[in-house]
> 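Before we start, here is the structure in question, set down as structure tokens.
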Amino acid sequence: MAKNIEPKLQKIGDYLRLEENAVFMIPEYQRAYSWGTENCDKLWQDIVDFVGSDSKDRYFFGTIIVNCQDNDTKYGLIDGQQRTTTFLLLLKALLVNVNIAIQNTANDADSASLRRGLQERRRRIMQILYKVEAEDISDEPDREKDAEICRRTLILENRSINENTRYKEELAIILQAVDYKEAEANAFKIKYKRNDNRYTNFFRNYKFFNNKIKDLSVSLQNSIAKAITENCEVIEIKSWQVEQAITMFNSLNSDGLPLYDSDIISAQLYAEAESKGQQDQFSDLWKQVNEQVNELTELGIADLNSILMQHMYYTRTINRETVTETGSINVTTPGLRRYFININSKPLQDPIQMCTEMLNLARIWKKVSKYSLMKVLLKFNENMKLFLASYFYRFREDEITEEAVTPILISMLRLFAILELVDSGYSSKNFKTFLFGEETKLADSSIPVEKIEQDFDAHIRAVWNKDGIEAAIQDYDGNVLVYLNEYLVAKERNLDFTIGPKCEIEHIMPHSGHNLQKIRKDAGIDSEEEFAGLVNKIGNKILLEEKINRAIGNEWFRTKVSTKLELKTGYIDSAYPIARTLVSAYRDKKKPYWMKTDIAAATKMASERITAFIFDD
């Protein structure tokens, strides 16, 4: 009869010690190794506190779920890969330091007991890490023999498609090194990063443990090594059915990290693909999805959970799940996990199709994120992405063009500019309910874009009035509309415009600095109260390159708009339209000042400009 599940309370040393032909395996769908030194610090402190308490009890480190495969020779880590990997790194750091301690401990009667203890720890850890018999391990560290043992076998195989390919060998590099220096020399170095940031999580955590251990007394090193292998425990739950293991994974979270919805959904997708014999095709697609999404994450556009959320919004929309039987709009949104697993599991039943659609969406985001107007819109409320994505599903990545998306981007920008200005939040009917109702049209390629533009225009004009919006812009002291103002100025002057990667908000009249009192006086400002009411107005803010902004600091206006400064740079070198306009208007004046009247005039112009854009005048 087939086995079902087998829970067992295990010492960590026994859990980690595998049979000669067995290996831990991180499945394709698992997350990358994401524990950082903060997680290791908590683990380390728990162990140190436990050892210091002299408790006779065992210390419990949670539940591990293992899927047994290939005649129990592959132990797939369904839940527990972060802890298992980290324990291996910790044990290696202990082994390296125990070897040093043995060599540095006197071989006399007074130290005999401690030396025996260290030698027992050495044997126990090497048996775990290298599946070697005790009699094959020498009492004293022997570099040549130890190096041979370290290279015999690997205890963990990483198949995760979410792990950077170059990082997958890092654990093996650390475990196979005979000492810390060898591991450090062979560790992967990430380009363009410095100090510890140039290392992977694997080596950073190994280094963290090594530094902690080497600062301890030899006797405490011995006690900690013994405690970890003999006095700390986990519940190991073995399963022989991957679907069953994943179901348990859905309900347990014992590793101290949140179980992201994307982890669980990817596990379900992989299990479905495996049941259909499509696991290789799925793994390749999922790897591509992760590569694309990782690029989007670096750009601050989307992560895997947000792409899944956008896919859920689209799926609910085309199924008309957001419209009630009476025709009203239902804006209640289920969680990702609940939706795809409990409410509508149909997309998960076709993992290739779902993965292909997500890959296409991720590629579209990467493409449209380069458009100038999209760069502006990305500065606004994140929720707009949910509805834009439904529109993107009309296209394949090679079909979408800037011309095709511009009308929708403008409509979204008009609405979300209002959200920046009014007291009612996104969840109000004027935003969320309207967008949910409009989403069915956004996703439907048979609906002309002109119809959607008309809906946005009619909604804006029906709900808000120009005078109220213009007055709100006059009082606006935020930063987001500064990006829109710059874009509109560029449009007025037929200038090229794009938001660079290192762009900052510049206060034309500085809001701080040692010259502030004099600058205020030159500007005709009589009091701090009046200054506070002016300095953050939209007319006093422009976009500026980081390099230029840092160079000019809190200089006088006449310095900022002058020609090249000695060893510095000013507005004259900026590519942004308002900075260039200010240079043209003021640089030839003998003593140009930026007055409170200038701020008022610039604010009025920005208010009129943005209001005209919002109401399409």
Side-chain angles (χ1 to χ4, degrees), residues 11-18 20 40 43-45 47-52 54 59 85-156 171-187 202-203 205-232:
K11 295 177 184 177
I12 286 178
D14 294 337
Y15 158 67
L16 292 173
R17 189 172 182 195
L18 301 178
E20 187 176 354
C40 294
L43 174 68
W44 177 256
Q45 197 57 56
I47 293 168
V48 170
D49 290 346
F50 169 66
V51 171
D54 290 326
Y59 195 86
T85 303
T86 304
F87 276 126
L88 295 176
L89 293 169
L90 173 54
L91 287 177
K92 180 62 178 183
L94 279 164
L95 176 61
V96 166
N97 283 277
V98 163
N99 284 340
I100 295 171
I102 291 172
Q103 293 171 326
N104 293 339
T105 301
N107 191 7
D108 55 30
D110 291 339
S111 304
S113 177
L114 178 57
R115 280 181 62 82
R116 281 197 305 273
L118 291 169
Q119 288 164 352
E120 287 178 19
R121 305 296 87 75
R122 166 178 155 80
R123 281 194 170 86
R124 178 69 161 141
I125 295 172
M126 291 186 77
Q127 286 179 290
I128 292 168
L129 296 180
Y130 307 112
K131 296 190 274 191
V132 61
E133 295 301 324
E135 57 267 25
D136 294 333
I137 304 169
S138 60
D139 286 343
E140 301 294 319
D142 181 306
R143 184 176 181 84
E144 186 176 336
K145 291 180 180 178
D146 287 359
E148 188 274 325
I149 290 173
C150 290
R151 290 171 175 79
R152 280 188 187 178
T153 187
L154 293 177
I155 192 173
L156 188 146
L171 181 63
I173 287 170
I174 294 167
L175 295 184
Q176 290 180 336
V178 74
D179 57 24
Y180 178 82
K181 284 186 177 180
E182 183 183 336
E184 185 177 41
N186 294 329
F202 296 96
F203 188 80
N205 293 345
Y206 173 58
K207 181 179 180 181
F208 170 84
F209 288 130
N210 183 70
N211 289 340
K212 289 289 186 183
I213 295 164
K214 73 180 182 181
D215 290 337
L216 301 178
S217 67
V218 173
S219 61
L220 189 51
Q221 289 182 19
N222 181 57
S223 297
I224 286 176
K226 182 177 181 180
I228 291 171
T229 54
E230 306 301 329
N231 299 321
C232 294

> Given 3.5 Å as the limit, does a donor-acceptor pair link the side chain of Gln221 with the main chain of Ile213, or not?
yes

> Going by an N to O cut-off under 4.0 Å, is there a salt bridge joining Arg124 and Asp14?
yes

> Flag the pair Lys131 and Glu20 as a salt bridge only when some basic side-chain nitrogen lies within less than 4.0 angstrom of an acidic carboxylate oxygen.
no

> Could you check whether any side-chain heavy atom of Leu154 comes within less than 4.5 Å of a side-chain heavy atom of Gln176, counting everything from C-beta outward?
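With C-beta onward as the side chain, the pair touches.
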
> Please tell me if the side chains of Tyr206 and Ile173 come closer than 4.5 Å, counting only heavy atoms from C-beta onward.
no

> Between atom CH2 of Trp44 and atom CG of Asn211, what is the distance when rounded to the nearest 0.5 Å?
10.5 Å

> Quick one, Thr229 and Leu91 - any side-chain contact, counting heavy atoms below 4.5 Å?
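Result yes, sub-4.5 Å side-chain heavy-atom pair found.
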
> Are Ser219 and Asn222 close enough that a side-chain donor and a side-chain acceptor fall under 3.5 Å?
no

> Is it the case that the side chain of Tyr180 and the backbone of Asn97 share a donor-acceptor pair, with hydrogens and angles ignored and the cut-off at 3.5 Å?
no

> Is there a donor-acceptor pair under 3.5 Å between the side chain of Arg115 and the backbone N or O of Ile102?
yes

> Give a yes or no on whether the backbone of Leu220 and the side-chain of Ser217 come within a donor-acceptor separation of less than 3.5 Å.
yes

> When you measure from the side chain of Lys226 to the backbone of Glu120, do you find a donor-acceptor pair of N or O atoms at a distance under 3.5 Å?
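Checked: no pair found.
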
> Please report the C-alpha distance between Arg123 and Asp139 in whole Å, then the side-chain angles of each, then the deciding distance to 0.1 Å, and finally whether the salt bridge (charged side-chain N to carboxylate O under 4.0 Å, His left out) criterion is met.
CA-CA 8 Å; Arg123 281 194 170 86; Asp139 286 343; 2.5 Å; yes

